[in-house]
Structures are given as structure tokens and as C-alpha cells.
Protein chains: 2
Amino acid sequence: MNDSTVDTIRTLVMLGSGNVAVHLAQSFVQKGIKVVQIYSPTIDHAQQLAEEIACRYTNRLADLSEADLYLFALTDSAIPEVLRQRSWEGKLCVHTAGSVPLDVFKPFTQFYGVLYPFQTFSRNVPLALDEVPFFIEASDKNVEQQLFQLASKISSRIQLANSQQRQSLHLAGVFACNFVNHMLAIAENILKQNKLPTESIHPLISETVRKALFISAEKAQTGPAIRNNTEIIRKHIEMLRDKPEWQKIYTFVSDSIYKMYHS
Amino acid sequence: MNDSTVDTIRTLVMLGSGNVAVHLAQSFVQKGIKVVQIYSPTIDHAQQLAEEIACRYTNRLADLSEADLYLFALTDSAIPEVLRQRSWEGKLCVHTAGSVPLDVFKPFTQFYGVLYPFQTFSRNVPLALDEVPFFIEASDKNVEQQLFQLASKISSRIQLANSQQRQSLHLAGVFACNFVNHMLAIAENILKQNKLPTESIHPLISETVRKALFISAEKAQTGPAIRNNTEIIRKHIEMLRDKPEWQKIYTFVSDSIYKMYHS
């Protein structure tokens with residue numbers, strides 16, 4: 001029968017010690033889920049996180065403790081590598097990655113799932129997980145229900161998403177987080193180069209995002225590209241002559257803005 | 001002597017009826033500056049704003065009222081066009097544009113300046129101007145002081161910036177506002193295409209900006225590009241096969257992120 005061995009997840013082993021592992025481990029501990037052990041191939045990293053949350057640690061997969069859940073908060077490529085290195089038969093294995101398909105676990109165990117927190121994590125930036133959307137996918141209904149229950153302890157926004165949807169979430173997140181951040185980093189650099197305080201741009205950034213969340217980004221678009229103000233665009237590209245990679249971004253993002261509203 | 005005719009600006013004629021004109025006019029009226037008249041080449045637009053703030057309006061430059069200040073909240077190209085159409089001798093003329101140099105006024109009057117609000121304005125999105133940085137440039141010290149005084153009534157963040165700095169502010173603003181917004185619009189589109197609610201991405205957007213303002217965008221960068229995760233990057237570009245303009249953005253922004261941290 002397609003049933004995992006437990007009804008409720010009370011204990012877990014965390015595989016990984018990066019930003020996602022740190023935030024999830026801390027949050028689970030706070031909500032009464034017992035993190036029994038941290039595994040990391042780098043023993044110092046495992047030790048550091050284990051000391052923060054007062055649990056065991058190891059860098060040897062053979063020494064993993066027994067637990068209701070093995071949570072793989074590892075880089076994408078480390079997930080199959082770690083899976084190949086020992087037996088997971090009968091164990092519930094779950095990963096937290098946006099772009100790794102559910103069935104990465106299929107050859108190794110009968111019980112598996114995904115718990116994808118749709119958020120950006122930095123080790124030293126505190127974060128309340130409560131509003132973070134968690135997207136769940138599971139090998140069967142029983143595992144799905146267990147993951148819902150588990151995630152509900154740390155967040156109020158749990159949804160289902162299949163592997164293709166989760167991959168699209170990840171892609172959308174790259175634009176909305178990583179690329180947005182890079183646009184801001186370029187803006188900071190331009191200000192610094194011209195001896196202007198980077199704080200000058202904070203109200204503009206806050207208002208940009210406030211408007212985008214309020215009326216949707218598609219409706220909130222302003223600027224030279226949507227107005228097709230070729231004179232300003234030409235001048236800005238000329239100002240970026242020492243930064244060919246920013247010139248390309250300026251050109252192609254402007255083209256893309258124009259196309260979104262005029263085709 | 002290089003002195004303008006008044007010591008304190010108490011009355012102004014607003015030239016323009018777009019987003020910037022609307023927000024500034026409303027704010028000035030609230031703070032006791034008398035907007036005596038709205039000029040717009042489109043009489044309906046002039047009338048609409050004039051009715052909102054209860055003042056006269058016109059679409060004829062020959063009929064402009066007397067005022068301490070003529071505030072050009074017009075598109076970049078309309079500023080010199082409007083200047084050429086009548087005499088401005090002895091009048092204090094000020095524009096609000098990021099990329100128009102101060103000396104656009106030089107052939108027309110002795111008293112001139114710039115009052116550049118570094119913010120994004122949408123007509124129907126209310127906005128508190130108090131925290132908006134205003135950048136000032138002026139023909140002489142007396143005008144500079146008058147513009148400081150005037151701007152101080154609507155904002156607490158007044159700074160000086162010369163024409164080159166203001167142009168850099170505008171360029172930085174295009175990245176931090178217009179391009180950020182377009183990244184968000186692309187993310188919204190990807191979610192919609194995959195039947196995922198666009199609200200799912202709001203916590204990620206808010207956290208991205210919170211981190212960037214907290215530790216600086218340059219330090220806050222995460223994602224596949226900075227880690228040089230070529231497998232994810234290749235997969236994402238493949239997912240965008242129907243949108244060549246988004247593929248280009250993905251490719252060149254990823255390249256630019258990588259270069260910022262690895263060269």
C-alpha cells in the first residue's frame with residue numbers, strides 16, 4: 001500500500017546547512033518540530049547550525065539518525081549525489097528546490113515530496129516565514145497531507161504545485177527577485193559613480209514596488225521605453241559607454257517594455 | 001544684478017497636466033502655495049486639473065496669468081517648444097525633468113531653475129511627497145534659495161544636483177523603477193501562463209526590496225546567475241523559447257550579474 005510509515009511528522013534530519021536549511025531549521029525548532037541532526041559534507045557548517053539549534057551533526061551519510069522526515073535543503077546537483085550514496089528505502093525524503101522534479105526520489109524510496117518555500121533567504125537577514133508561500137508536491141495523498149500539516153506549523157500560505165508549475169515559479173522568482181535586485185545594484189553603482197547618496201533612490205524603489213503590488217506591474221509601467229522616447233534612450237545608452245553589459249540590458253529591456261505595450 | 005524679482009514664491013502657473021503636474025499642484029495647494037492657473041495644449045486636461053484644485057486654466061500661452069513662478073511640468077521635448085512660443089523675459093521659469101539641462105531656459109529669461117522630484121508618479125495612485133527627494137539646480141544663489149524654500153513646503157528631502165548628476169539620477173531611476181517594474185511584469189506573466197496566482201510572488205518581491213534597502217542590492221544578490229548554475233540557466237532559457245525578448249533579458253542580465261561578482 002502507498003502509505004508512508006508515520007501519520008504525523010514530529011522529527012526530521014536536515015540535509016544541508018545553507019540559507020534555506022538555516023531558516024527552515026530555526027523555524028521548525030521554534031514550532032516544536034524536533035530537528036534531530038544536521039548533515040553537511042562540510043563538518044564545520046553542520047556543527048555551526050547544529051549548535052545554533054542544539055542538535056547532533058554529521059558529515060557522514062552512514063551516520064544519519066532515524067527520523068520521520070529527511071529534508072534535503074541542498075543545492076540542485078547535490079540532491080541526486082547524496083541520494084546515490086546510501087539506502088533510503090522506506091524513508092520519507094523531501095526536497096526544497098524550485099527546479100528539481102519530484103521524481104528525483106523515485107529510484108530510491110516509495111515516500112517522497114517537495115516543500116518549496118517561494119522566498120529569498122540570506123543567512124544573516126532575519127525573516128518571518130509565516131507569510132511565505134510554500135508549494136507542496138507529494139508521492140501520494142498521505143505524504144501530501146503530512147507535508148501540509150508540517151508546513152502549516154511555520155506558514156499560513158500552503159498550496160499545491162506540480163513540478164512544471166514549481167519550475168515556472170522558480171523562473172518567475174528569478175525575474176522578480178534576482179533580476180530586480182540586479183537592476184537595483186546597477187542603479188546603486190550609477191549613483192555612487194556620480195557622488196550621489198544611494199539612499200536617494202530608496203523612496204523611488206519603495207514606491208515602484210508599492211504601485212506594482214497595488215495595481216499590478218503590467219499596469220504600473222512608466223518611463224522612456226513605454227513612451228518610446230528615443231532621444232532619452234539614446235542618451236542613456238551613450239552614458240553607459242563604459243559598461244557594455246549594462247548597455248545591452250538597457251537596450252533589450254527597453255525593447256521588451258515597448259513590445260509588451262505596443263504589439 | 002542677478003536677482004530674480006521676488007523674494008518668496010507665493011504664486012505659480014503650472015504648465016502641464018500630466019502625472020507630475022497633478023501631484024505637485026495638489027501638494028502645493030495643500031501647503032498654501034497658490035496655483036493660479038493650469039496651462040495645457042489640450043484644454044480638457046487643463047480644465048480637469050484646474051477644477052480639482054479650483055483655479056483658472058488655458059490652452060493659450062498668450063493668456064498666461066502673472067505669477068512668481070512658471071513651473072514647466074511638461075514632457076522633455078515640449079519644454080523648448082513652449083519656451084519658443086512667447087516671451088519669458090524677467091520671469092522665473094523652472095522645469096521638473098530629469099534629463100533636460102538647466103540652460104534650456106538660458107536664451108529666454110535670466111531667472112531659471114530645476115526642481116526634480118526623484119519619484120514615479122501615476123495619476124490615480126495617491127502619494128505622500130514628504131519623503132520624496134527633490135533635486136534643485138538654479139541660475140543663481142537667490143533662485144536656488146527660493147526653490148529650496150518652496151520645495152521645503154512639500155518635502156523634507158531637498159538636495160542640490162547639477163545637470164550631469166540629475167541625468168545620472170534619471171538613468172539610475174530607469175533601472176530602479178522602470179526596469180524593476182518590467183521584471184515584475186514578466187514574472188506576473190509567467191505565473192498567469194502557468195495558472196498560478198500572481199499574489200504568490202508578493203512576499204518574495206517585498207523581501208527582495210527589504211533586503212536590498214537593508215544590506216544594499218550589491219550585497220543582497222542571490223540566484224542561479226551569481227552561483228553560475230549553468231544547468232538552471234539553460235533550462236530557464238529553454239522555458240522562454242516562445243518569448244525571444246525575455247530570453248535575451250534572461251541571458252544578458254545573468255551575464256551581467258556574473259560579471260559584477262567574478263571580475
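As the structure is a computational prediction, the values presented were derived from the model and not from experiment. Here is the naming used below: chain letters follow the sequence lines, and residue numbers restart at 1 for every chain.
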task: Take A:Asn181 and B:Gln221, measure what side-chain hydrogen bond (donor to acceptor under 3.5 Å, both in side chains) needs, and give me the verdict at the end.
output: CA-CA 6 Å; A:Asn181 187 75; B:Gln221 191 65 54; 2.8 Å; yes

- prompt: If you count heavy-atom pairs under 4.5 Å with chain A, which of B:Pro117, B:Gly223, B:Cys177 comes out on top?
  reply: B:Cys177

message: Ring centres under 6.0 Å, that's the criterion: do B:His182 and A:Phe175 meet it?
response: no

- prompt: Quick one: what part of B:Val180 sits under 4.5 Å from any heavy atom of chain A, side chain, backbone, both or neither?
  reply: both

- request: Using a cut-off of under 4.5 Å on heavy-atom pairs, state which of A:Gln164, A:Gln159, A:Glu199, A:His170 scores highest against chain B.
  value: A:His170

task: Could you list which of residues 224-234 of chain A have a heavy atom closer than 4.5 Å to any heavy atom of chain B, in residue-number order?
output: A:Pro224, A:Asn229, A:Ile232

- request: Rounded to the nearest 0.5 Å, what's the gap from NE2 on B:His236 to OG on B:Ser254? Could you check?
  value: 9.5 Å

- prompt: Between B:Lys259, B:Lys195, B:His202, which shows the greatest number of heavy-atom pairs under 4.5 Å with chain A?
  reply: B:His202

query: Would you say the side-chain atoms of B:Glu137 pair up with the backbone N or O of B:Val114, donor to acceptor, closer than 3.5 Å?
result: no

Carboxylate-amine/guanidinium proximity below 4.0 Å for A:Glu81 and A:Arg84: no

field: Atom group of A:Glu218 that falls short of 4.5 Å from chain B, counting heavy atoms
entry: both

message: Donor-acceptor pair, distance only, cut-off 3.5 Å: does the side chain of B:Asn162 make one with the backbone of B:Gln165?
response: yes

task: With a 4.5 angstrom heavy-atom cut-off, could you sort out which part of A:Lys235 is near chain B: side chain, backbone, both or neither?
output: side chain

query: Is it the side chain or the backbone of A:Thr75 that comes within 4.5 Å of chain B heavy atoms, both, or neither?
result: neither

- request: Look up atom CZ in A:Phe121 and atom CD in A:Gln119, then write down how far apart they are to the nearest 0.5 Å.
  value: 6.0 Å

statement: One should read off an interatomic distance between B:Ser256 OG and A:Ile186 CD1, to the nearest 0.5 angstrom, of 4.5 Å

message: Between A:Pro133, A:Ala185, A:Pro203, who has the most heavy-atom pairs with chain B when the cutoff is under 4.5 Å?
response: A:Pro203

message: Between A:Met239, A:Lys219, A:Glu131, who has the most heavy-atom pairs with chain B when the cutoff is under 4.5 Å?
response: A:Met239

- request: Examine distances only and state if a side-chain atom of A:Gln247 and a backbone atom of A:Ile237 form a donor-acceptor pair shorter than 3.5 Å.
  value: yes

Which portion of A:Phe214 sits near chain B, non-hydrogen atoms under 4.5 angstrom: side chain

field: Winner by heavy-atom pair count (cut-off under 4.5 Å) against chain B, out of A:Thr251, A:Leu191, A:Thr120, A:Asn189
entry: A:Thr120

- prompt: Is there a donor-acceptor pair under 3.5 Å between the side chain of B:Ser40 and the backbone N or O of B:Thr42?
  reply: yes

Residue among B:Leu171, B:Leu196, B:Ile190 with most heavy-atom pairs under 4.5 Å to chain A: B:Leu171

field: Toward chain B, the part of A:Asp76 with a non-hydrogen atom under 4.5 Å
entry: side chain

field: Rounded distance [0.5 Å steps], CZ in B:Phe108 versus CD1 in B:Ile79
entry: 11.5 Å

field: Pair A:Tyr116 + A:His95: ring centers closer than 6.0 Å
entry: no

statement: dist B:Ser200:OG -> A:Phe134:CZ (nearest 0.5 Å) comes out at 13.5 Å

Donor-acceptor under 3.5 Å (B:Asp130 side chain, B:Ser155 main chain): no

Which portion of B:Glu188 sits near chain A, non-hydrogen atoms under 4.5 angstrom: side chain

- request: Select, from A:Thr198, A:Ile201, A:Leu240, A:Val132, the one with the greatest count of heavy-atom pairs under 4.5 Å involving chain B.
  value: A:Ile201

- prompt: Side chain, backbone, both or neither: which part of A:Val174 has a heavy atom under 4.5 Å from chain B?
  reply: side chain

- line: Comparing B:Ser216, B:Gly173, B:Ala212, B:Pro244 against chain A, the one with the most heavy-atom pairs below 4.5 Å turns out to be B:Ser216

field: A:Lys106 NZ: over 12 foreign heavy atoms closer than 6.0 Å
entry: no

Portion of A:Phe135 that has a non-hydrogen atom of chain B nearer than 4.5 angstrom: side chain

query: chain A: which of B:Val209, B:Ile257, B:Ile205 shares the most heavy-atom pairs with it under 4.5 Å?
result: B:Ile257

query: Non-hydrogen atoms of chain B under 4.5 Å away: do they reach the side chain of A:Asn19, the backbone, both or neither?
result: neither

message: Any carboxylate oxygen within less than 4.0 angstrom of a Lys/Arg side-chain nitrogen, looking at A:Glu245 and A:Lys248?
response: no

Which atoms of A:Leu184 approach chain B - backbone, side chain, both or neither, heavy atom under 4.5 Å: both

- prompt: How long is the span from the CG atom in B:Leu74 to the CE atom in B:Met14, to the nearest 0.5 Å?
  reply: 10.0 Å

statement: Among A:Phe179, A:Phe252, A:Trp246, the residue with the most heavy-atom pairs under 4.5 Å to chain B is A:Phe179

message: Please identify, among B:Ser206, B:Pro197, B:Ser77, B:Ser99, the residue contributing the most non-hydrogen atom pairs under 4.5 Å to chain A.
response: B:Ser99

